[in-house]
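Read the structure below first, then the notes.
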Amino acid sequence: MIKLEGKSVFGGVAIGPAAIFRKTDTTVRRETIDDPEAEIVRYHEATEKAKDELQKLYEKALVEVGEDSAFLFQSHQMMLDDLDYVESVENIIRTQKTNAEYAVATTGDNMAEIFAMMDDAYMKERAADVKDVTNRVIGVLSGVSGSGMNASEPVILLADDLAPSETVQLDKSLVLSFVTRHGSTNSHTAILARTMNIPALIGVDYPEDCEGKMAIVDGAAGIIYIDPDEKLLAEYREKKNEEQKKAELLEQLKGQDNVTKDGTRINIYANIGGVADVASVLENDAGGIGLFRSEFLYLESEDYPTEDEQFNAYKKVAQMMAGKKVIIRTLDIGADKQVDYFDLDKEDNPALGYRAIRICLTRDDVFKTQLRAIYRASHYGTISIMFPMIISMDEVRRCKAMAELVRKELDVEGIPYGDVELGIMIETPAAVMISDELAKEVDFFSVGTNDLTQYTLAIDRQNPRLDDFYDPHHPAILKMLKMIVDNAHAGGAWAGICGELGADTTLTGEFLRMGYDELSVSPSMILKVRDAVRNTNLSA
């Protein structure tokens with residue numbers, strides 16, 4: 001028996017035979033060609049076929065893993081249209097009279113190296129995307145295809161790394177878990193794995209001769225056992241049965257109240273990235289939507305989404321939620337979320353740069369268009385608005401002034417709208433320290449614990465080398481959370497948490513004791529958090 005340790009991406013237990021993911025051989029040989037222009041035509045035909053493949057992957061991912069994760073495949077399509085990429089390939093073919101496969105491979109290697117050398121952790125991750133896109137075009141050009149997975153029964157899949165497109169193409173009915181040698185907990189692959197609910201580990205240096213051997217993956221502990229003995233197999237089979245029973249018990253919580261044993265109630269809402277995610281919200285019995293990440297409407301568009309395009313998306317979500325609260329966060333791009341047509345300057349430290357509300361307050365055209373769309377949609381449901389990255393009273397007042405201007409315009413035009421609550425995200429230490437004053441200006445607070453932790457601890461949460469230092473349970477964070485909710489209530493506002501910490505069931509009781517009114521989590525965590533609430537007794 002071999003015991004190997006790695007880093008957990010997603011918990012759970014998987015038991016089954018090991019299978020090694022064999023990447024399709026895309027070895028490229030340089031060949032001299034006589035007609036460069038014909039070779040360029042061949043390259044463009046392959047690019048169009050690659051785009052068709054990526055579009056199908058997008059549509060598949062949209063259904064299986066939601067809009068947030070599916071967007072990756074649209075970004076890959078955009079990479080294929082990148083002028084620098086295209087011009088490099090064409091130039092190599094023309095000047096070196098070489099085959100398209102070689103020109104694409106060379107361009108991909110060069111661009112991936114440029115990304116890999118960047119200081120920003122998010123941009124480093126894009127090197128893998130360039131390689132993935134490049135290999136797809138080479139595969140089309142060489143006529144080589146395949147998923148890299150050869151299995152007729154459910155397996156624990158081992159790989160050096162899995163590109164996002166490879167992960168989505170896997171037949172999930174045959175995948176019990178995946179274990180990779182490389183990758184990071186913040187990579188696209190890791191995010192997809194968590195969304196797909198597949199137990200997964202990264203950083204595991206598995207032996208090549210484990211193909212076909214029985215294996216056990218303990219996702220929570222970050223361990224894989226190769227060729228385990230019968231005693232260990234029996235222990236983990238029992239553990240897996242217990243997990244299944246817990247999942248079945250959670251299903252029974254649908255329709256139940258989010259109330260503690262001593263009668264304290266809390267709202268449990270869901271975080272979404274787009275219209276397609278609402279199905280999961282309803283399936284998991286969320287009480288509302290506590291965070292609608294509206295920026296994905298912008299990320300998925302090739303140009304600024306129009307007022308009507310946004311209105312239709314917001315209206316559809318409001319109608320599908322049938323009166324339940326929907327909190328829409330205004331545009332939050334910048335930092336790790338870049339949109340080409342905004343033409344934002346490259347920044348040395350984008351997490352502290354021109355982003356979120358700072359863009360909106362300097363781009364009235366963008367801000368006003370979005371607010372008009374949201375207010376129009378509010379006529380069809382219960383919609384609230386929250387503004388991200390607030391650090392001052394002046395910003396809040398400017399946001400409220402723009403909202404008032406939009407309401408007056410709609411009144412003049414005779415366009416109906418609902419009663420819309422206005423709130424802000426608390427995700428900077430500055431907002432925490434003046435939260436007593438901010439609470440008097442807004443209807444609610446929603447704490448973005450991911451950024452609040454990043455800014456408070458001075459740790460880039462996109463940098464995998466800092467994973468061991470990133471501590472959302474840090475006493476400073478917990479003290480801030482208590483200060484926020486106390487100041488909110490004293491000022492007449494309600495307070496919720498929409499960051500990942502809200503789904504940490506080890507803190508559910510603490511959040512209830514602090515007095516939080518709402519927790520907003522990923523749809524898959526709704527019932528787990530409800531269970532934690534119902535098993536809490538604040539008077540004990």
Side-chain angles (χ1 to χ4, degrees), residues 1-21 64-66 69 149 151 153-162 164 166-168 170-207 210 213-228 232-250 284 464 467-468 470 472-473 500-501 503-507 521-529 531-532:
M1 180 174 71
I2 301 174
K3 176 184 176 182
L4 302 171
E5 296 186 4
K7 184 175 289 187
S8 173
V9 170
F10 194 79
V13 172
I15 303 171
I20 298 178
F21 184 90
E64 294 182 351
V65 296
S69 299
M149 174 181 167
E153 62 176 328
V155 296
I156 290 172
L157 199 62
L158 311 177
D160 277 342
D161 197 2
L162 283 169
E166 292 167 337
T167 306
V168 170
L170 296 176
D171 182 346
K172 291 190 292 300
S173 67
L174 298 179
V175 180
L176 301 169
S177 168
F178 72 71
V179 177
T180 65
R181 288 194 174 109
H182 308 293
S184 78
T185 55
N186 288 314
S187 68
H188 286 301
T189 307
I191 294 168
L192 283 169
R194 287 191 288 266
T195 306
M196 291 158 62
N197 290 330
I198 300 175
L201 309 178
I202 60 173
V204 178
D205 190 15
Y206 58 84
C210 64
K213 293 181 179 179
M214 185 60 67
I216 298 171
V217 173
D218 186 332
I223 296 171
I224 178 173
Y225 299 93
I226 305 293
D227 201 15
L232 191 65
L233 272 172
E235 289 177 5
Y236 270 95
R237 282 176 180 141
E238 180 60 28
K239 190 172 183 178
K240 188 168 178 60
N241 286 337
E242 290 174 2
E243 285 189 349
Q244 183 60 36
K245 290 176 183 176
K246 288 179 181 178
E248 292 171 358
L249 287 173
L250 287 176
N284 286 282
D467 282 351
D468 292 338
Y470 186 84
H473 289 207
E500 287 188 18
L501 203 60
D504 187 339
T505 54
T506 66
L507 289 176
V521 300
S522 65
S524 63
M525 288 298 296
I526 295 291
L527 296 179
K528 291 180 182 178
V529 175
D531 185 50

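Ile156 approaches Ile216 most closely through the heavy-atom pair CD1-N, 4.2 Å. Residues Gly6 and Val204 approach most closely at CA-CG2, 3.7 Å, considering heavy atoms. Nearest heavy atoms, Ile2 versus Pro207: CD1-CG, 4.2 Å. When every heavy atom of Ile226 is checked against every heavy atom of Cys210, the shortest pair comes out as CG2-CB, 3.8 Å. For the pair Ala221 and Asp218, the tightest heavy-atom approach, listed with the atom from each and the gap, is N-OD1, 3.1 Å. For the residue pair Ile223 and Lys3, the shortest heavy atom distance occurs at CD1-CE, 3.7 Å.
Shown here are the ring-ring contact (aromatic ring centres under 6.0 Å, His included) partners of Tyr206, two or more places apart in sequence or in another chain: there are none.
Interatomic distance, Leu176 CG to Glu153 CD, rounded to the nearest 0.5 Å: 9.0 Å. Distance check: Arg237 CZ to Leu232 CG gives 10.0 Å after rounding to the nearest 0.5 Å. One finds the CD1 atom of Ile224 at 5.0 Å from the CG atom of Leu158 (value rounded to the nearest 0.5 Å). Of the inter-residue distances, the one linking Phe10 atom CZ with Ile202 atom CD1 reads 14.5 Å to the nearest 0.5 angstrom. The CD atom of Glu5 sits 13.0 Å away from the CG atom of Asp205 when rounded to the nearest 0.5 Å.
Here the two rings, on Tyr236 and Tyr225, have centers that are under 6.0 Å apart.
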Item to complete: Before giving the answer on side chain to side chain contact (heavy atoms under 4.5 Å, CB included), spell out for Lys528 and Val521 the whole-Å C-alpha distance, their side-chain angles and the decisive distance to 0.1 Å.
Response: CA-CA 10 Å; Lys528 291 180 182 178; Val521 300; over 6 Å; no
Worksheet entry | Chi angles and distances behind the side chain to side chain contact (heavy atoms under 4.5 Å, CB included) call for Met214, Ile15 | CA-CA 7 Å; Met214 185 60 67; Ile15 303 171; 4.2 Å; yes
Worksheet item: Do Asp504 and His473 pass the side chain to side chain contact (heavy atoms under 4.5 Å, CB included) test, and can you show the C-alpha distance, the side-chain angles, and the key distance before you say yes or no?
Response: CA-CA 10 Å; Asp504 187 339; His473 289 207; 2.5 Å; yes
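With Lys7 contributing its side chain and Gly203 its backbone, the two residues share no donor-acceptor pair below 3.5 Å. At least one donor-acceptor pair closer than 3.5 Å links the side chain of Ser177 to the backbone N or O of Pro199.
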